[in-house]
Participant: 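Pasting a structure below so you can have a look.
Within every chain, numbering begins at 1; the chains are lettered A, B, ... in the order of the sequence lines, protein sequences first and strands thereafter. The structure displayed is predicted, hence computed values, not measured ones. Only heavy atoms go into these numbers, but all of them, side chains included; no hydrogens, no water, no symmetry mates.
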Amino acid sequence: MPEGPSLIIVKENISPFIGSKIIAAKGYADIDFSLLEQKKITAIETWGKHLFICLKDINIEIHFRMFGSYLINERKPKINAKLSLQFAKEELNFYVVDVKLIKDVSIYDKEADVMSEEWNAAKAIKKLREIPDVKICDALLDQQIFSGVGNIIKNEVLWLVKLHPETTIKNIPASKLKNLIKEVVNYSYEFLKYKKEGTLSKYWKAYNQKNCSRCKHKIVKLYIGKGKRATYICENCQKLKK
DNA sequence: ACCCATGTTCAGCT
DNA sequence: TAGCTGAACATGGG
């Protein structure tokens with residue numbers, strides 16, 4: 001479910017609720033549900049992997065983490081909703097998500113969101129240059145720099161630009177870094193397109209793959225970087241250069 | 001049945 | 001104190 005492009009789909013799917021009034025709000029989220037009741041949804045927004053359901057004076061922030069899901073006018077038979085919004089005739093249910101109420105959505109910098117029209121590539125490069133010793137695999141997952149990028153996008157983009165995940169930022173030439181950032185955004189939109197088609201996994205070049213489609217070399221799976229996340233590389237195409 | 005996963009935070013340790 | 005590790009969250013697919 002996660003990664004930025006998937007959140008764009010969520011936003012599109014629940015946008016028809018803009019203008020609808022919440023009649024009742026319930027669930028096991030640790031929030032004051034009464035703050036949501038009798039309020040109209042004014043906007044649906046996203047920031048990276050975060051979803052915002054905006055109301056007058058208050059916003060619901062939802063993060064799907066690894067296993068989060070949602071249903072429109074349907075309920076899961078076995079598990080309770082963390083948050084359930086009841087409208088006159090419809091309902092919106094969220095499962096296994098983090099829910100928070102926040103006053104102001106603008107604390108999130110849209111210029112750091114790879115799926116935003118306000119995405120600012122120059123700003124991302126500036127942030128990267130400030131952390132020269134950080135490995136690129138970790139920087140790509142840094143939500144303050146690349147909000148919305150997850151482990152799949154990380155793996156695919158590193159393969160596309162033939163960069164070893166453990167390359168430190170200071171060892172990446174300017175032109176390569178620029179290209180990398182371009183590919184992050186480009187692949188994220190490809191991800192969105194494929195996800196909508198239901199064909200995402202068909203287009204993976206590194207993530208979960210056995211062989212490199214460029215050179216036929218074996219793809220290896222490593223657990224590297226700060227979070228020891230699964231990282232797939234072609235050792236032939238993505239050699240570590242100092 | 002078992003293992004793994006598109007994520008993140010936090011407790012507890014060195 | 002900083003940095004690392006593992007747990008926790010809890011579901012679903014292969």
Participant: Let me check something: do A:Ile153 and A:Ile145 share a hydrophobic cluster, defined by ILVMFWY side-chain heavy atoms less than 4.5 Å apart, either directly or through other members?
Facilitator: yes

Participant: Using a heavy-atom distance cut-off of less than 4.0 Å, which residues of residues 127-155 of chain A contact DNA chain B?
Facilitator: A:Gln143, A:Gly150, A:Asn151, A:Ile152

Participant: Which pair of non-hydrogen atoms, one from A:Val149 and one from A:Gln143, has the smallest distance, and what is that distance?
Facilitator: O-NE2, 2.9 Å

Participant: For A:Phe94, which contact category applies under a 4.0 Å heavy-atom criterion: base, sugar-phosphate, or nothing?
Facilitator: nothing

Participant: Please determine whether a side-chain nitrogen or oxygen atom of A:Tyr232 lies at a distance below 4.0 Å from atom OP1 or OP2 of B:dT6.
Facilitator: no

Participant: Between the protein and nucleotides 12-14 of chain B, which nitrogen or oxygen pairs come in under 3.5 angstrom?
Facilitator:
none

Participant: Sorted by first residue and then second, give each side-chain hydrogen bond (donor to acceptor under 3.5 Å, both in side chains) pair with at least one member in residues 44-56 of chain A; sequence neighbours left out.
Facilitator: A:His50-A:Glu61

Participant: Which range-with-range stems can be found for DNA chain C when each stem has 3 or more Watson-Crick or G-U pairs in a row and both distances sit under 3.5 Å?
Facilitator: B:2-5 with C:11-14, B:7-14 with C:2-9

Participant: Quick check for you: among B:dT8, C:dA10, B:dA5, whose closest atom lies nearest to any side-chain atom of A:Met66?
Facilitator: B:dA5

Participant: In residues 104-112 of chain A, what residues come within less than 4.0 Å of DNA chain B, judged by heavy atoms?
Facilitator: none

Participant: Between A:Gln238 (side chain) and A:Cys234 (backbone), is there a donor-acceptor pair under 3.5 Å?
Facilitator: yes

Participant: Please go through A:Ile224's hydrophobic cluster and name the other residues, only I, L, V, M, F, W, Y counting, with side-chain heavy atoms under 4.5 Å joining them.
Facilitator: A:Val220, A:Leu222, A:Ile233

Participant: Using OP1 and OP2 only, check whether a side-chain N or O of A:Arg229 sits under 4.0 Å from B:dT6.
Facilitator: yes

Participant: In whole Å, measure the gap between the P atoms of C:dA7 and B:dC4 for me.
Facilitator: 14 Å

Participant: With a sphere of 6.0 Å drawn around NZ of A:Lys123, does it hold more than 12 non-hydrogen atoms of other residues, nucleotides or ligands?
Facilitator: yes

Participant: Considering only side-chain heavy atoms of A:Ala230, which listed nucleotide, C:dA10, B:dT6, B:dT8, is closest?
Facilitator: B:dT6

Participant: Where do A:Lys218 and A:Asn211 come nearest, in terms of heavy atoms and distance?
Facilitator: CA-OD1, 3.8 Å

Participant: At a heavy-atom distance below 4.0 Å, what parts of residues 72-81 of chain A sit against DNA chain C?
Facilitator: A:Lys76, A:Ile79

Participant: Residues in salt bridge (Lys or Arg N to Asp or Glu O under 4.0 Å) with A:Lys178, at least two apart?
Facilitator: none

Participant: Report yes or no: do A:Leu35 and A:Ile102 belong to one cluster of Ile/Leu/Val/Met/Phe/Trp/Tyr joined by side chain heavy-atom distances under 4.5 Å?
Facilitator: no

Participant: For the P atoms, the ones on C:dG6 and on B:dA5, what distance do you get once it is rounded to whole angstrom?
Facilitator: 15 Å

Participant: Tell me yes or no: between the side chains of A:Lys154 and A:Asn151, is some donor less than 3.5 Å from an acceptor?
Facilitator: yes

Participant: Run the side-chain donor-acceptor check on residues 124-133 of chain A: report pairs under 3.5 Å with partners two or more places apart or on a different chain.
Facilitator:
residue, atom, partner, partner atom, Å
A:Lys127, NZ, A:Gln144, O, 2.8
A:Arg129, NH1, A:Ile169, O, 3.3
A:Arg129, NH2, A:Ile172, O, 3.3
A:Asp133, OD1, A:Lys170, NZ, 2.5

Participant: Identify, with sequence neighbours excluded, every residue that meets salt bridge (Lys or Arg N to Asp or Glu O under 4.0 Å) alongside A:Glu91.
Facilitator: A:Arg75

Participant: Rounded to the nearest 0.5 Å, how far apart are NZ of A:Lys195 and CD of A:Glu3?
Facilitator: 8.5 Å

Participant: Less than 4.0 angstrom between a side-chain N/O of A:His63 and OP1 or OP2 of B:dG7, yes or no?
Facilitator: no

Participant: Please list, in numerical order, the residues of residues 194-209 of chain A that have a heavy atom closer than 4.0 Å to any atom of DNA chain C.
Facilitator: none

Participant: Going 5' to 3' along nucleotides 1-6 of chain C, which nucleotides have protein heavy atoms under 4.0 Å from the base (write B), which only from the sugar-phosphate (write S), and which from neither (write -)?
Facilitator: ------

